[in-house]
Structures are given as C-alpha cells and as structure tokens.
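For reference, the structure is listed below as structure tokens.
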Amino acid sequence: MMHEQSSQRRLSGNADEHDMDHTGRGDRSAPVAGLDAESWPARLAPRLAHFAGVARHEHVTRAARDMGVPQSTLSRAMVRLEQDLGVALFARRGRTVSLTPAGRTFLGSVERALAEVERAAESVRADADPASGKVAFGFLHTMGSETVPGLIRAFRADHPRVRFQLVQNYGEAMIERLRAGDLDLCLTSPVPDAPDLVTRRLDEQRLRLVVPDDHRLAGRRRVRLAEAADETFVTLEPGYGLRRITDDLCAEAGFRPRVAFEGEEAETLRGLVAAGLGVALLPPPAVARPGVVELAVTAPRAAREIGVAWLDGHPDTAPVAAFKRFLLSRKGRLLPD
C-alpha cells in the first residue's frame with residue numbers, strides 16, 4: 001500500500017506473505033464443534049473408532065482382537081452408541097453383525113471424520129519432526145531480500161530438510177500473529193517489551209538519510225538530521241517500527257517530519273526519493289539504487305535494534321528449538337556485512 005498523505009489514495013495492496021510450501025492461513029471463521037460434556041462430539045468420539053472397526057469386520061470378536069480391546073468392552077460401547085443416537089446401527093446374529101441402512105450412512109461420515117483426525121495427527125507429527133519439521137518464521141519487509149535468505153541458507157547447511165513457513169509483515173502485525181499461534185518466532189524492530197513475550201536483541205542497523213542525487217545535501221557524506229527539518233519526508237505507515245523510529249529521531253532532532261507519502265516497502269520509498277518526492281530515513285539497501293545518495297546521520301545517533309521474539313512459556317518443537325538456537329548464536333553478526 002502506498003498513498004499520498006494529503007489524499008490518502010491507495011496505490012497497491014496488502015503486505016505480502018511468503019510460504020515456501022505455499023500454505024495459507026486458515027479460515028478463522030470456520031465453525032468449531034461444541035466440546036461441552038453434552039455435545040455430540042464429546043459423547044460419541046471415544047466410540048467412533050470402535051464402531052468403524054466392528055462395521056468393517058461385521059464381527060465383534062474379530063474386531064475386538066484386531067483393535068486389542070476386550071470383546072465385552074466393545075459390545076458395551078456399541079450398545080451405548082446406539083442408545084445415545086436412538087438409532088439401531090447393527091442387525092445382530094450372535095457375534096456376527098451387519099450394518100442397518102442407518103449404520104451404513106453413519107459409517108461413511110465416521111470414516112471421513114477418522115481419516116481427517118489421522119491426517120491432522122500426521123501433519124502435526126510431521127511439523128514437529130526434528131529432521132524435516134516446520135518453522136513458522138516472521139520478519140520485517142526490509143530483511144526479506146538479503147538477511148533472511150542468508151540466515152535460512154546457513155541454518156539449512158546443518159538442517160537441510162527443515163521446512164519454513166515465511167511471513168513478511170510489520171512488527172505489530174507479526175506480534176499479533178505470534179500471539180495467535182500462527183508464528184513460532186519473529187525478527188522485529190524495535191524489540192518489543194511485553195510480559196507475554198521473550199525477546200533477545202541480536203544486532204543493530206544504522207539508518208541513513210536518503211536524498212535525491214540532485215539534492216542540496218547530495219554532495220555531503222554526513223549530515224545532522226536537523227539539517228533536514230524543512231524537507232518533505234516519505235515514510236512507512238504508522239504501526240511500522242521504522243516509522244516510529246523515524247518520528248522519534250526527528251523529535252530528538254527538534255522537529256516533526258512533514259510527511260508527503262506513506263508506504264509499506266523501503267525500496268518503494270527509495271524510488272519515491274529518486275523521483276524527487278522527498279527524503280527518507282532507511283536502512284542500507286541490499287543493492288545500491290541509482291538516483292539517490294545515502295548519507296550517514298551524525299546526530300542524533302540513527303540506528304535500530306533488531307531482535308527475535310517468541311511467546312513466553314510456549315513449548316518448541318525440535319526444529320523450532322534448533323532454529324532459535326541458531327538465531328541466538330548469530331548475535332552481533334545477524335546482518336550481512
């Protein structure tokens with residue numbers, strides 16, 4: 001999204017999400033079955049696998065032997081199931097049984113439900129596998145082109161089969177995803193301070209004042225931020241950590257920035273600067289962009305801390321724990337040289 005502040009006109013869409021396995025976020029509007037003691041799932045679920053076993057064998061003794069449960073337990077479970085439903089599911093001839101029409105209809109739904117449980121169990125087990133499990137990892141847009149790909153490449157040198165679900169977003173949105181259980185951990189800036197989070201500072205990144213190459217300051221190598229007090233700024237939107245840092249640094253320099261454009265991508269802001277539409281405080285680019293000059297800021301000290309955050313008390317799977325240890329081992333050398 002990019003808009004001119006005076007008109008608030010949108011020029012592009014929402015922040016991107018990237019998933020190496022092309023998995024999307026689940027539909028949070030999906031209905032959830034009732035789990036109170038009187039609900040059908042709570043009353044029937046413990047007996048559904050027993051019902052399916054008896055239905056497949058059409059013989060109580062063989063089904064009990066196959067499932068490793070006492071025959072009497074299985075017989076009582078089927079009687080209780082029919083009593084709860086108020087429907088006869090089996091026609092009985094001694095220990096041999098056959099499904100009634102109602103039983104055959106019920107079996108189709110039960111088998112689908114059990115298959116879904118099987119898929120869910122296999123999925124979570126696969127995600128937790130130490131060698132090939134999944135890490136849901138969030139990070140800032142400005143770290144997506146170089147820092148994060150380099151980190152994952154280094155990590156996978158020792159963990160080649162670990163999969164990553166990658167989410168690019170601004171800091172506050174990532175913390176929300178963390179609390180919702182959609183992310184295992186995230187790289188963010190500023191480093192949040194909240195009682196439900198554990199955070200570790202990993203590195204620091206100097207910010208630069210980016211100006212057009214024909215700007216009055218373009219011939220300088222260093223600048224005091226106060227020298228840009230009368231400039232028009234292009235910035236990230238409110239809610240982005242870098243926007244908050246920009247506002248705070250300008251306040252420390254004695255002025256409030258006059259913002260003309262707000263956006264979601266640092267490189268888009270560089271393009272606006274190159275077009276002569278303002279100046280910006282930005283981290284170094286992955287690749288130098290023509291049309292702009294990047295000046296060191298001598299006062300106030302212009303830098304942002306970058307850290308990793310995760311939910312306090314949240315148990316880690318083996319791959320998440322391994323990647324967390326890897327990130328912590330990169331303290332002071334997180335960013336590319």
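In this chain, numbering begins with 1 at the start of the sequence shown. What you are looking at is a predicted structure, and each value in this text was computed from that prediction instead of being measured.
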Nearest non-hydrogen partners of [X] and [Y], listed with the distance:
{"X": "Leu295", "Y": "Leu217", "result": "CD1-O, 3.7 Å"}
{"X": "Pro130", "Y": "Val162", "result": "O-CG2, 4.2 Å"}
{"X": "Met174", "Y": "Cys186", "result": "SD-CB, 3.9 Å"}
{"X": "Gly276", "Y": "Pro212", "result": "CA-CG, 4.0 Å"}
{"X": "Ala253", "Y": "Pro300", "result": "CB-CD, 3.9 Å"}
{"X": "Phe90", "Y": "Glu82", "result": "N-OE2, 3.1 Å"}

Donor-acceptor check, side chain of [X] to backbone of [Y], threshold 3.5 angstrom: yes or no?
{"X": "Ser189", "Y": "Glu305", "result": "yes"}
{"X": "Asp184", "Y": "Ala136", "result": "yes"}
{"X": "Glu264", "Y": "His141", "result": "no"}
{"X": "Ser145", "Y": "Ala286", "result": "no"}
{"X": "Ser329", "Y": "Phe326", "result": "yes"}
{"X": "Arg256", "Y": "Cys250", "result": "no"}
{"X": "Thr96", "Y": "His59", "result": "no"}

Using the side-chain hydrogen bond (donor to acceptor under 3.5 Å, both in side chains) criterion, which residues pair with [X]? Sequence neighbours excluded.
{"X": "Arg289", "result": "none"}
{"X": "Arg304", "result": "Thr142, Gln205"}
{"X": "Glu267", "result": "Arg270"}
{"X": "His50", "result": "none"}

Distance check, rounded to the nearest 0.5 Å: [X] atom [atom1] versus [Y] atom [atom2]?
{"X": "Thr235", "Y": "Leu242", "atom1": "OG1", "atom2": "CG", "result": "8.5 Å"}
{"X": "Thr232", "Y": "Leu272", "atom1": "OG1", "atom2": "CG", "result": "12.0 Å"}
{"X": "Thr188", "Y": "Phe139", "atom1": "OG1", "atom2": "CZ", "result": "12.0 Å"}
{"X": "Leu183", "Y": "Glu176", "atom1": "CG", "atom2": "CD", "result": "11.0 Å"}
{"X": "Gln71", "Y": "Arg76", "atom1": "CD", "atom2": "CZ", "result": "10.5 Å"}
{"X": "Met143", "Y": "Asp203", "atom1": "CE", "atom2": "CG", "result": "8.0 Å"}

Strictly by ring-ring contact (aromatic ring centres under 6.0 Å, His included), give each pair with a member in [range] just once, sequence neighbours left out.
{"range": "residues 101-123", "result": "Phe51-Phe106"}
{"range": "residues 264-314", "result": "none"}
{"range": "residues 188-225", "result": "none"}

Taking atom [atom1] as the centre, does [X] end up with more than 12 heavy-atom neighbours from other residues, nucleotides or ligands that are less than 6.0 angstrom away?
{"X": "Arg220", "atom1": "CZ", "result": "yes"}
{"X": "Arg216", "atom1": "CZ", "result": "yes"}
{"X": "Asp214", "atom1": "CG", "result": "yes"}

Check whether [X] and [Y] end up in the same hydrophobic cluster, where Ile, Leu, Val, Met, Phe, Trp and Tyr are linked by side-chain heavy atoms less than 4.5 Å apart.
{"X": "Leu140", "Y": "Val191", "value": "no"}
{"X": "Val117", "Y": "Val110", "value": "no"}
{"X": "Ile245", "Y": "Phe255", "value": "yes"}

Please enumerate all residues that pass side chain to side chain contact (heavy atoms under 4.5 Å, CB included) together with [X], with sequence neighbours excluded.
{"X": "Ala303", "answer": "Glu204, Arg206, Arg301"}
{"X": "Ala251", "answer": "none"}
{"X": "Arg179", "answer": "Ile175, Ala194, Asp196, Leu197, Leu311"}
{"X": "Arg221", "answer": "none"}

Is the closest side-chain heavy-atom distance between [X] and [Y] below 4.5 Å?
{"X": "Thr61", "Y": "Arg65", "value": "yes"}
{"X": "Val54", "Y": "Val97", "value": "yes"}
{"X": "Leu225", "Y": "Leu281", "value": "yes"}
{"X": "Leu209", "Y": "Val279", "value": "yes"}
{"X": "Leu334", "Y": "Leu151", "value": "yes"}
{"X": "Arg200", "Y": "Lys331", "value": "no"}
{"X": "Arg163", "Y": "Pro319", "value": "no"}

Given Val297 and Leu207, is the side-chain contact (heavy atoms from CB on, under 4.5 Å) satisfied, shown in steps? CA-CA 7 Å; Val297 178; Leu207 303 178; over 6 Å; no
Leu202 vs Leu328, side-chain contact (heavy atoms from CB on, under 4.5 Å): CA-CA, chis, key distance, verdict: CA-CA 7 Å; Leu202 297 179; Leu328 296 177; 4.1 Å; yes
Could you walk me through whether Phe137 and Leu187 pass the side-chain contact (heavy atoms from CB on, under 4.5 Å) check? CA-CA 8 Å; Phe137 181 43; Leu187 285 181; 3.7 Å; yes
Is any NZ, NE, NH1 or NH2 atom of the basic residue among [X] and [Y] found under 4.0 Å from an Asp or Glu carboxylate oxygen of the other?
{"X": "Asp84", "Y": "Arg80", "answer": "yes"}
{"X": "Arg56", "Y": "Asp66", "answer": "no"}
{"X": "Asp247", "Y": "Arg243", "answer": "yes"}

Working note: Thr298 + Arg224, criterion side-chain hydrogen bond (donor to acceptor under 3.5 Å, both in side chains); need CA distance, chi angles, decisive distance, verdict. CA-CA 5 Å; Thr298 58; Arg224 290 178 294 105; 5.6 Å; no
Please report the C-alpha distance between Arg258 and Phe233 in whole Å, then the side-chain angles of each, then the deciding distance to 0.1 Å, and finally whether the side-chain contact (heavy atoms from CB on, under 4.5 Å) criterion is met. CA-CA 6 Å; Arg258 183 160 48 92; Phe233 276 73; 5.9 Å; no
Which residues pass the salt bridge (Lys or Arg N to Asp or Glu O under 4.0 Å) test with Arg119, not counting sequence neighbours? Glu116
